[in-house]
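All remarks here apply to the structure that follows.
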Amino acid sequence: MHIRLWTSCTQFLLACLLLLLTSAEKHHKPTPLCPGYRASKVSSNTYGLKASLTLNGPPCNIYGNDIKELVLTVALDATEHVRVHIEDAAGKQYQIPESVIQLQRDSRKAYVRHSSLQFSHVHNNTSGFGFKVQRENEVIFDTVGHPLIFEDQYIEITSNLPENANIYGIGETPDWFRRDPNNTTMTLWNRDAPDPFRENVYGSHAVYIELREDGNFHGAYLHNSHGMDIVLGNKAIQYRVLGGTADLYFFAGPTALDVISQYTGLVGRPNRIPYWSLGFHNCRYGYKSTSEVNKVIASYARENIPLEVAWTDIDYMDRERDFTFNPTNFSLQDMRKQLDYLHAHDQRMILIIDPAIQFNSTYGTYARGHAQDVFVKNADGSEYIGQVWPGYTTFPDWFATNVSSWWSDELRRYFDALPIDGMWIDMNEASSFCTGSCGSGKPKDKVPEYPWTMDNPSPPRPLDRSNRILVPPYAIHNSEIELSTKTIETTAVHANGVIEYHVHNLYGYMESKLTYDFITSYRRNTRPFILSRSTFAGSGALVSHWTGDNWSTWRDLHVSIATIFDFGIFGIPMVGADICGFFGNTTEELCTRWIELGAFYPFSRVHNAIDMEPQEIYRWATVAEAGRRALAVRYALLPYIYSSYQDAVEHGWPVARPLVFEFPTVKETVSNDRQFLLGDSILISPVLIQGARSVNAFFPKGWWYDWYDFSLVRGTNANVMLDAPLEHVNVHIRGGRIIPTQYAGMTTTETRNSDYTLIVATDEHGTAVGKLYVDDGETFDTSSRWLDANFSGRTLWICSRSGDYMIQRPLSRLVLLGILGVRAIAVNGSQVSGVIEVTNSSTIVTGLRVDLNSEVHVTLL
């Protein structure tokens, strides 16, 4: 939920004026004349090298004070990635502590001669020290010819890129998936903003992957929590960082999935989600009572639209205070009744929490936190007081000694009162409605007006250019008046003495970590579901994500696909956008097309803002019908989607994937963010254009089967015009794949309790492969089972790859796409009875009862 848009013309004009006054600072000063560094005292071993770097001439001091002595460390942490770390010799520059993010460096190390990547360095007479990272004979990162700039408040590293390079990742920024290599500035400064196109928003991820002409990918990650710009242009990628060190990791690939696996192997694999979280979710900011939410729940059931989880926004709170319940409209008693009803119908409840804590001594959460000294401070030692929904607020300091025990105690009280099924942590960039400690000196019981409700809101404060922490010499392209606008001020102090300037981008990550730690201790053997708006590298190991406060527009519909691809790279595969849009009033057509797309987001939830027209899926007949159809496909595919998510858990692979990840040598896939694959086998081709009743879908070479009627599209690396009536979304199955499905119920529980179907989609050679992962979907210590399926020579083999989980439901149906002439079926050599039907050059066999816990071969006679 976003700070409401300020509508005051005065406020707008003042902001524009200040932005004009500061825009000159955003012009990057030319840096080629900076001296760079000279390497000396180089020592190598079988695991890497170490060297001293000394300033190679008079200091540049372009955006700070040049640091004269640096240390270079090159470490081969694994055979497929190399670390290049440049830090100040004095060790004064801020680095992310391992207590905050513990990177999974391989303690076994890799020998230089076994590494997939090679490091080399040279001295250039003009630019000084430069280095290259190579994969075999191909240079994948090359700073030679560009001076290294390393100052106390500014680091600049530039690497050459091929012409018209294919770069993906870096964010969080709403943008098209393939970054414009000639004109892109990605700013990393976590910010509460309603998804403005090509501007920084809620999270920071300094990782990218690059596709070269040979179809191979590689990647790079900068481990640094400071604000930064990452700029593409002039056949180069340039990092402009507001401090810290240059801690770079390079990943060899060579496939996109390899790069993402190598990256998530470093920062943390995606967390294990409960199975139920793959169901459909409903939320709205602006529900007025439990009675209204109860009617919404009942309406989904009445309209036969699946609903797995009912969410409630801050409306349920008493005066918008965390861990409280509105005694009139959302009483704890009524909330318990609602939760009991949901659980009785195999449904779930999730509620929202913000980190900001009302500054009020009569409010128990604040009083206990104040007594334990857990809040962020001003430089004078007083509590930093911003403004959020409940009024003046303090902010938990996740570095404070007692903050973990305090936060756990508050959550324990909350969960003891109402044992909700998951947590939604919002506004954790952190967001504030004012700039600076605006509540300092104000009475603790005062609740100020929201700035957007004032007739004459206070103008933005003048920029204090004398304070280089408030206004750094280099102005990153944060689209606000100053870095501290609408967040915690950069001069605020944390318990370890570190100022917010250095750790701002870690705030949401640290809240996620403490929240995850609490829930996994409170429910020791139950997988938590936590949805966080603000994220950082490694957040996927703790939380899922939604793309924030989007708009009910056709462009936002389209951009949502690209953003989901981004988070697949970032290692957060459980991701989705607010279906039908958060801000603005949707239309029936837009919402219809959005549920057709959103039904296949890994995280599928409809949500919108207060004062907007309601947009629950049942509100319009066409939207309801489109929802029923698309969600029926999703729920049938749950075994396949869950198996794809397990691949994310084990390997880091994204669930929703761009075509270029599977077909990297096909040039038409390079910029395609209009379609996507679930896993590697299900192609979704949504309508993204208003008024369209067809979609021009790209089909890579191979066989593709229509989900609904099994008709065959012979892909030739070309577009095919598909009919797309208003209530229809095109879904195709990739030939050569075997897809496990179950009957689509109204809940994930009902679906899981149905028999299995295997869709055998043969390729042009009459073969297909597939897999199925099964466990209890809830606990950490569950047994599990991976099944592999292989079809060739008219025989289907099913065997266990690993595990001993007892699969409760049998295989009762086969859908054999592209196969005819089946007269009978034999299971393990014995003919069995079954009903055989032929439709559209395919065969359906029903009436089977095959135990999937034993090796099986099914022969077509």
Check: Phe570 ring centroid to Phe567 ring centroid under 6.0 Å: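 Yes - the distance between ring centres of Phe570 and Phe567 falls below the 6.0 Å cut-off.
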
Ring center gap for Trp424 and His281 short of 6.0 angstrom: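 So the answer is no for these two rings.
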
Pairing residues for Cys591 by the disulfide bond (SG atoms under 2.5 Å apart) criterion, not counting sequence neighbours: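 Residues passing disulfide bond (SG atoms under 2.5 Å apart) with Cys591: Cys580.
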
Side chain to side chain contact (heavy atoms under 4.5 Å, CB included) between Val666 and Phe698, intermediate numbers included: CA-CA 11 Å; Val666 180; Phe698 181 79; 3.6 Å; yes

Ignoring hydrogens and angles, state whether a donor on the side chain of [X] or [Y] is under 3.5 Å from an acceptor on the partner side chain.
X      : Y      : answer
Glu650 : Trp786 : yes
Thr622 : Glu727 : no
Ser711 : Asp709 : yes

Are the charged groups of [X] and [Y] less than 4.0 angstrom apart, N to O?
X      : Y      : result
Arg593 : Glu589 : no
Arg734 : Glu662 : yes
Arg737 : Asp680 : yes

Value rounded to 0.5 Å, distance of OH in Tyr601 from CZ in Phe676: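 Between atom OH of Tyr601 and atom CZ of Phe676 there are 8.0 Å.
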
Heavy-atom pair with the smallest gap, counting every atom of Phe600 and Leu678: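 Phe600 and Leu678 have their closest heavy atoms at O-CD2, 3.5 Å.
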
Shortest non-hydrogen contact between Ser783 and Asp775, atoms and distance: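 For Ser783 versus Asp775, the nearest heavy atoms are O-CB, 3.3 Å.
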
Residue pairs involving residues 725-755 (criterion ring pair (Phe, Tyr, Trp, His ring centres under 6.0 Å); sequence neighbours excluded):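 Residue pairs with at least one partner in residues 725-755: Phe699-His732, Tyr708-His728.
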
N/O donor-acceptor pair under 3.5 Å between Arg849 side chain and Pro810 backbone: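 No, because the side chain of Arg849 does not come within donor-acceptor range (under 3.5 Å) of the backbone of Pro810.
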
Could you pull out every donor-acceptor pair under 3.5 Å between side chains of residues 756-768 and any protein atom, sequence neighbours left out?
residue : atom : partner : partner atom : Å
Thr762  : OG1  : Tyr705  : OH           : 3.3
Thr762  : OG1  : Leu817  : O            : 2.8
Asp763  : OD1  : His765  : N            : 2.9
Asp763  : OD1  : Gly766  : N            : 3.1
Asp763  : OD1  : Thr767  : N            : 3.0
Asp763  : OD1  : Thr767  : OG1          : 3.1
Asp763  : OD2  : Thr767  : OG1          : 3.0

